[in-house]
Amino acid sequence: MATWPTRSTIFLLAVITALLPARWAAAQSPCDGVSPVLNTTLTRVTVASGLGSGTSGPLFVTAPPGDTGRIFIVMQNGIIRQLKRGDGPTASTVFLDIDARVGSTGNEQGLLGLAFGADFATDGYFYVNYTRNDGDTIVSKFRTIDGTPKTNGDPANETVLFRIDQPESNHNGGWMSFGADGFLYITQGDGGGGGDVHGVCGNGQLTSTLLGKVLRIDPTGTVGTAPDCGLDAGPYTVPPGNPLANGAGGPCDEIWAYGLRNPWRSAFDAENGDLYIGDVGQGCWEEIDWTPGTSTGGENYGWRNFEGRHCYNAPAGCNATASADSCAPTCSDPVPTGDPVPNGTTLPIWDYFSNNGPCTVIGGYSYRGCRMPNFHGLYFYGDYCAGTVLSFRQVEGVATNHQVWTTELGSGLTFSLTSFGTDAQGELYIIDRDGIVYMVLPPIPNFEVSGVGAADMLLLDKSGDWTWEDLQFSSRQPVASYRVYRADIADGVFDLGETFDCVRTSTTPTWPAGGDPAIPDPDRMFAYVVTALNGTGGQTSPGGTPLRTLGVASCP
């Protein structure tokens, strides 16, 4: 509260903070500058567009730890683009271009994975998984040009960690991420073709190959033992505790878990380290595998003994259950709920039939973002053919609270859904193979311009500009204009019952030259509310408890 020379009083309700800077640097806490929104519905906004399509289109979105100022978009053809926060959808720039060494002629080949190390901000190292021109998988380490995060990746500064021979062009997997233990996890498909016919039991069950596996390595090569099965092995090591590690020969020491067909995509739960894997089925069952963050590895997710929770085949020496004649290679032999897990197989937390519409599961994320606390712990996933976005909540290893978000997030469109992604604040992105990246957000009426419930008294004066939250920058929610509403408090006592009338419209979050030229009469008070409108006229909440009342008069 401030006293004017006229002894009038001014009181501003700017629904959160006072004078916000137009932009901020990477915050100490990822959630700094984010006001939570208690929404129960969702929408999406276009963050990036015009990125190409098909095997030249986007496949993944991520960001380095703590870097809230940009996202990185992985393109299947071998290019990584970066988009700065606040820039328009077509403003992304090239961060790394290795198109010449990436083979993406196959539908499931290309630049498939990207992970930033915890020390990226100081050493500039990042890691990629791509299909080489000859079809083999390459896992490499790159560095930025000068070793800082401010410069682009240097194509000449590549260190190949290892190569995997690929017998077919499909089922390349390619996800990679650092776990809470600081080691790099990588998922690889079974080598391709149909039915995993590579050997008696398939590559998924063969522990002497890296195909069909979750791998765990130390890419810095500082702890653990020497590489085992990685071809052309570079400076990585096998961390202590890998469950099958026994030195050279025998099972591959790099294996953390096995029994996967075509994992697309995987993710750690940022809160508890739980691992979710979307594993594409052979043609009958799509599955989501889940392992708690307390796992010490060694899980067998079942392929090709199982497709989802259903027996796939059981030839001699490859029985899916304790009895060889109790499992037939069909799509209709479910494992009853509550039955003992066969032969130690970790059956999926969820599977669904995919022979009539859906065809390819797209693994996603357990939401742990800053913006939407009501959604914390919901695991989002989808299906490529059906263009669906769905979720469930994991409760003690059981998938519960199944929900469908396709209508809300699709808005009548059909996704060519290829992947999900997250930024450094844990917010969720949807990647459309037709060259678009969407961000999942609360609908605009759920926002307040400067944060939920923060209707604080702000001490202002007439000597400078009045500014408020740049909602488009802070939330990526498109803003066409802002409205400033004013209430003239006759008795000088704000009692929440006043009506606020619109006194200004602005396309920027500022009222220059000292703000409101009007001054309240002596012993009266002005109070203000700021709202934002999107391009279709949707308006943010005026905030407050009870909700502030906005007048119906048109705005200047």
Side-chain angles (χ1 to χ4, degrees), residues 58-62 74 76 108 112-115 129 170-179 185-190 204 212-215 256-270 272-282 285-293 295 299 301-303 306-309 346-352 354 358-368 377-394 397 399 402-406 409 415-422 426 428-433 438 440:
L59 285 184
F60 186 51
V61 166
T62 190
V74 175
Q76 190 169 352
E108 299 176 18
L112 306 176
L114 168 65
N129 184 322
N170 58 342
H171 300 186
N172 286 272
W175 168 84
M176 57 199 320
S177 178
F178 283 90
Y185 290 74
I186 304 159
T187 55
Q188 288 298 138
D190 64 9
K213 310 298 188 298
V214 180
L215 311 178
W256 179 254
Y258 61 105
L260 296 173
R261 181 181 179 273
N262 186 21
W264 188 267
R265 293 278 190 163
S266 310
F268 288 111
D269 186 324
N272 53 35
D274 291 359
L275 177 61
Y276 291 84
I277 303 172
D279 198 12
V280 180
Q282 181 58 44
W285 299 95
E286 306 299 305
E287 70 182 74
I288 303 289
D289 296 305
W290 169 82
T291 308
S295 168
E299 289 82 12
Y301 294 114
W303 176 254
F306 288 92
E307 184 184 2
R309 291 182 60 90
T346 299
L347 296 176
I349 190 174
W350 179 242
D351 69 352
Y352 63 92
S354 60
C359 75
T360 300
V361 67
I362 306 293
Y365 289 85
S366 178
Y367 177 77
R368 300 294 180 184
L378 279 191
Y379 175 75
F380 287 88
Y381 69 103
D383 189 277
Y384 172 73
C385 295
T388 49
V389 179
L390 311 104
S391 71
F392 62 75
R393 187 178 296 277
Q394 179 276 128
H402 294 269
Q403 294 177 272
V404 179
W405 303 98
T406 310
L409 295 176
F415 291 123
S416 293
L417 175 67
T418 53
S419 189
F420 295 87
T422 57
L428 186 67
Y429 294 77
I430 295 171
I431 294 86
D432 188 324
R433 203 179 191 192
Y438 300 104
V440 177

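The figures here come from the full heavy-atom set of this structure, side chains too, leaving out hydrogens, waters and symmetry mates.
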Write down the atom of Pro263, the atom of Thr187, and the distance for their closest heavy-atom approach. CG-CB, 3.7 Å

Within the structure provided, determine whether Val61 and Thr422 are in side-chain contact (heavy-atom separation under 4.5 Å). no

With Asp269 via salt bridge (charged side-chain N to carboxylate O under 4.0 Å, His left out) - residues at least two apart: Arg368

Side chains of Gln76 and Arg433, donor plus acceptor under 3.5 Å: yes

I want to check a possible cation-pi pair here: Arg265 against Phe60, using under 6.0 Å from ring centre and within 45° of the ring axis as the test. yes

State, without any angle test, whether Ser391 and Trp405 hold a side-chain donor-acceptor pair at a distance under 3.5 Å. yes

Are Arg261 and Trp303 in a cation-pi contact, defined as NZ or CZ under 6.0 Å from the six-membered ring centre and within 45° of the axis? yes

Please say which of Ile362, Asp432, Ile431 ends up in a side-chain contact (heavy atoms from CB on, under 4.5 Å) with Thr418. Ile431

Can you classify the ring geometry of Tyr352 versus Tyr381 as parallel (below 30°), tilted (30 to 60°) or perpendicular (above 60°)? tilted

Assess, by modelled atom type and distance only, whether the side chains of Ser354 and Glu286 contain a donor and an acceptor separated by less than 3.5 Å. yes

Between His171 and Trp264, does the ring centre distance come in under 6.0 Å? no

For Trp175, the option from Tyr185, Tyr276, Phe268 that meets ring-ring contact (aromatic ring centres under 6.0 Å, His included): Phe268

Which atom pair, heavy atoms only, marks the closest approach of Asn262 to Glu108? ND2-OE1, 3.4 Å

Candidate pair Trp256 and Lys213, rule side chain to side chain contact (heavy atoms under 4.5 Å, CB included), full reasoning: CA-CA 7 Å; Trp256 179 254; Lys213 310 298 188 298; over 6 Å; no

Taking all non-hydrogen atoms of both residues into account, name the closest pair between Leu390 and Gly382 and its distance. CD1-CA, 4.0 Å

Does the separation of the ring centres of Phe392 and Tyr379 fall below 6.0 angstrom? yes

Is there any salt bridge (Lys or Arg N to Asp or Glu O under 4.0 Å) pair reaching into residues 378-390, and which pairs are they, with sequence neighbours excluded? none

